[in-house]
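Take a look at the structure set out below.
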Amino acid sequence: MRTAHSVPRVQRDGEEIFQAGNGDNVRPASAGEQVGDGLPVDSGSGGDLPQASLLSLQGECELAGDGLDDSGGDVVDVGVGPGFRIAGKVSRRGFAGQTSDHVDALLSVKIAFDVFTGCLSSRFCWSVTLSSEVSSKIRDYRPRLPHRQWAPVAELVRATVAATVPATCYATEHLLHVVGRIAVWADRTGLPRDPGTWLRNETIDAFILSGCVAAKDSTVLTYRTWLRRAREALVWVQRGEAPPARLSSPRMPQPPYGVGELARLRNWANHLPDQARLDGLALMALGAGCGLMPGEVPPMRGSHVRVTSGGVAVLEEKLLGRLVACHSDWEDTLAELAESAGTGFLFRPGRKVAAAKNLVSSWPARHRPHTGLPPLAARRLRSTWIVGRLSEGISPEAVASAAGMASPAGLTGYHHWVPPLPRAEVIRLLRGRRS
């Protein structure tokens with residue numbers, strides 16, 4: 001028996017555009033599980049099986065790697081015959097480090113007999129339904145582009161996203177935006193109106209290099225990731241390629257400021273006018289003094305700082321979920337800023353929201369130190385705090401906990417900036433306390 005796999009297609013003028021999958025990772029539904037569209041498992045007839053009306057997306061999570069031979073579900077199979085259908089699951093890859101989940105699918109199998117060769121063949125076709133909310137987003141999507149640019153590619157973009165959404169972990173509107181952009185760019189460049197062409201690696205690279213010139217670097221990288229995941233979900237099946245290996249490298253922490261650099265930056269911030277001075281000192285006190293991550297700076301209010309009877313500035317433990325005490329070099333500054341802010345925000349108190357995109361990074365972009373000083377950066381301030389505490393001989397467990405890390409392993413990238421302890425200090429520590 002030879003097996004021929006066929007998959008859902010999108011066509012234009014009779015031309016096959018791309019294939020969406022081959023059902024290799026479909027598994028049977030569990031016993032008693034309700035099929036999303038209410039279609040029963042059917043033995044079919046001598047004619048072609050009707051295509052499933054697509055099943056609703058479910059939030060249920062399953063273990064990755066389930067297949068048709070999974071013993072955990074019931075398969076209703078009438079044996080070799082005209083055809084049958086199986087309610088199952090199609091795996092959907094999650095973000096890096098997360099377990100893949102699955103969406104409901106319907107696998108249709110048709111058995112045929114070739115009178116010329118005397119061989120039986122089985123043809124597989126699976127379908128997955130989008131929820132009504134996602135379907136509406138795709139149907140109603142209209143980008144902010146001239147109609148003459150969008151209209152020629154609109155239907156193909158919607159079809160591409162409809163086939164991609166069930167196999168990726170990205171929001172529908174994000175995929176619509178990025179696929180729409182590359183489609184319009186490719187059309188203006190003179191490339192065929194073909195999703196298979198749009199999602200080729202060389203097309204994606206060309207689009208990133210020349211079609212996103214106005215976007216920020218981080219946005220360009222995000223677009224490239226979305227398009228590559230869409231390619232994995234669709235085009236590689238037609239090309240006969242396996243999904244490319246996902247290679248990644250851990251983000252290296254930014255280097256700490258030197259002692260002289262930090263002192264000069266503090267002096268520069270002290271000479272800024274009015275509110276800019278308070279914002280600069282608040283950013284430095286929370287970063288270099290407390291080791292906060294950039295995202296933890298915006299919600300901090302003056303009322304979140306408590307000064308103990310001994311003069312130690314301690315941050316609100318319930319807010320951060322950990323104990324953080326400001327370093328002695330910055331505790332007086334932080335205490336003064338907290339008293340001045342009251343219940344208001346410590347950093348950029350004029351805003352009306354607790355957090356906003358680029359709230360922290362935009363301040364250094366507007367306030368640049370004079371020549372000879374490095375720019376102020378929240379991540380470098382945090383690195384300065386971490387390296388400073390490790391250099392003082394504080395336990396890595398205590399530093400990691402105060403920095404909001406799950407374990408001291410998170411400090412690995414910082415250790416090469418930590419200078420060795422002086423010989424006398426090593427002897428003192430090894431000797432221990434005398435009773």
Side-chain angles (χ1 to χ4, degrees), residues 250-267 269 280-300 304-338 346-347 360 364 373-433:
R251 177 183 292 181
M252 291 300 295
Q254 294 193 15
Y257 292 108
V259 177
E261 288 179 330
L262 192 64
R264 293 196 299 273
L265 282 171
R266 187 172 188 172
N267 182 63
L281 291 176
L283 182 60
M284 295 188 73
L286 294 172
C290 301
L292 296 192
M293 291 177 275
E296 294 174 328
V297 171
M300 293 301 301
H304 293 148
V305 179
R306 177 177 60 87
V307 180
T308 67
S309 57
V312 181
V314 180
L315 302 186
E316 177 62 51
E317 192 168 349
K318 290 183 179 179
L319 177 66
L320 297 174
R322 62 185 188 274
L323 176 62
V324 178
C326 186
H327 192 266
S328 57
D329 290 346
W330 291 95
E331 61 186 7
D332 291 340
T333 299
L334 184 59
E336 292 174 6
L337 291 170
L346 287 171
F347 179 70
V360 175
L373 279 179
L376 202 60
R379 293 191 182 278
R380 291 196 67 182
L381 291 171
R382 173 176 164 84
S383 294
T384 303
W385 179 87
I386 292 175
V387 173
R389 305 299 76 77
L390 292 174
S391 301
E392 293 171 352
I394 298 178
S395 164
E397 288 78 8
V399 175
S401 176
M405 298 178 179
S407 73
L411 299 172
T412 302
Y414 298 90
H415 280 294
H416 67 281
W417 288 306
V418 179
L421 291 172
R423 178 184 177 85
E425 180 65 10
V426 173
I427 293 175
R428 185 189 70 83
L429 292 173
L430 292 176
R431 184 180 179 225
R433 293 184 179 180

Any heavy-atom pair between the side chains of [Y] and [X] that's under 4.5 Å?
| X | Y | value |
| --- | --- | --- |
| Pro419 | Ser391 | yes |
| Trp330 | Cys290 | no |
| Pro298 | Val360 | yes |
| Pro364 | Leu283 | yes |
| Met293 | Arg382 | yes |
| Leu346 | Val305 | yes |
| Arg306 | Leu315 | no |
| Arg380 | Pro256 | no |

Please report the shortest heavy-atom distance between [X] and [Y], naming the atom on each side.
| X | Y | result |
| --- | --- | --- |
| Ala269 | Met284 | CB-SD, 4.2 Å |
| Pro375 | Tyr257 | O-OH, 2.7 Å |
| Leu376 | Gly280 | CD2-O, 4.5 Å |
| Ala402 | Trp385 | CB-CH2, 3.7 Å |
| Leu319 | Pro299 | CD2-O, 4.5 Å |
| Gly413 | Pro253 | O-CG, 3.6 Å |

Thr412 side-chain N/O to Ala409 backbone N/O, donor-acceptor pair under 3.5 Å: yes

Tell me if a side-chain donor or acceptor on Ser383 pairs with a main-chain N or O of Gln254 at a distance below 3.5 Å. yes

side-chain contact (heavy atoms from CB on, under 4.5 Å) assessment of His415 paired with Ile386: CA-CA 9 Å; His415 280 294; Ile386 292 175; over 6 Å; no

Gap separating the [atom1] atom of [X] from the [atom2] atom of [Y], nearest 0.5 angstrom:
| X | Y | atom1 | atom2 | answer |
| --- | --- | --- | --- | --- |
| Leu265 | Thr384 | CG | OG1 | 9.0 Å |
| Leu337 | Asp332 | CG | CG | 11.0 Å |
| Leu262 | Asn267 | CG | CG | 11.5 Å |
| Leu411 | Glu397 | CG | CD | 9.0 Å |

Write out all pairs satisfying side-chain hydrogen bond (donor to acceptor under 3.5 Å, both in side chains) with one or both partners inside residues 286-296, taking only residues at least two apart or from two chains. Glu296-Arg322

Intermediate values then yes/no, side chain to side chain donor-acceptor pair (under 3.5 Å), Glu392 and His327: CA-CA 12 Å; Glu392 293 171 352; His327 192 266; 3.0 Å; yes

Before giving the answer on salt bridge (charged side-chain N to carboxylate O under 4.0 Å, His left out), spell out for Glu261 and Arg264 the whole-Å C-alpha distance, their side-chain angles and the decisive distance to 0.1 Å. CA-CA 5 Å; Glu261 288 179 330; Arg264 293 196 299 273; 5.2 Å; no

Hey, is CZ on Arg266 packed in by over 12 heavy atoms from elsewhere, all under 6.0 Å? yes

For the pair Leu381 and Leu292, evaluate side-chain contact (heavy atoms from CB on, under 4.5 Å) and give the outcome as yes or no after the intermediate values. CA-CA 9 Å; Leu381 291 171; Leu292 296 192; over 6 Å; no

Could you list all the salt bridge (charged side-chain N to carboxylate O under 4.0 Å, His left out) pairs where at least one residue sits in residues 280-291, not counting sequence neighbours? none

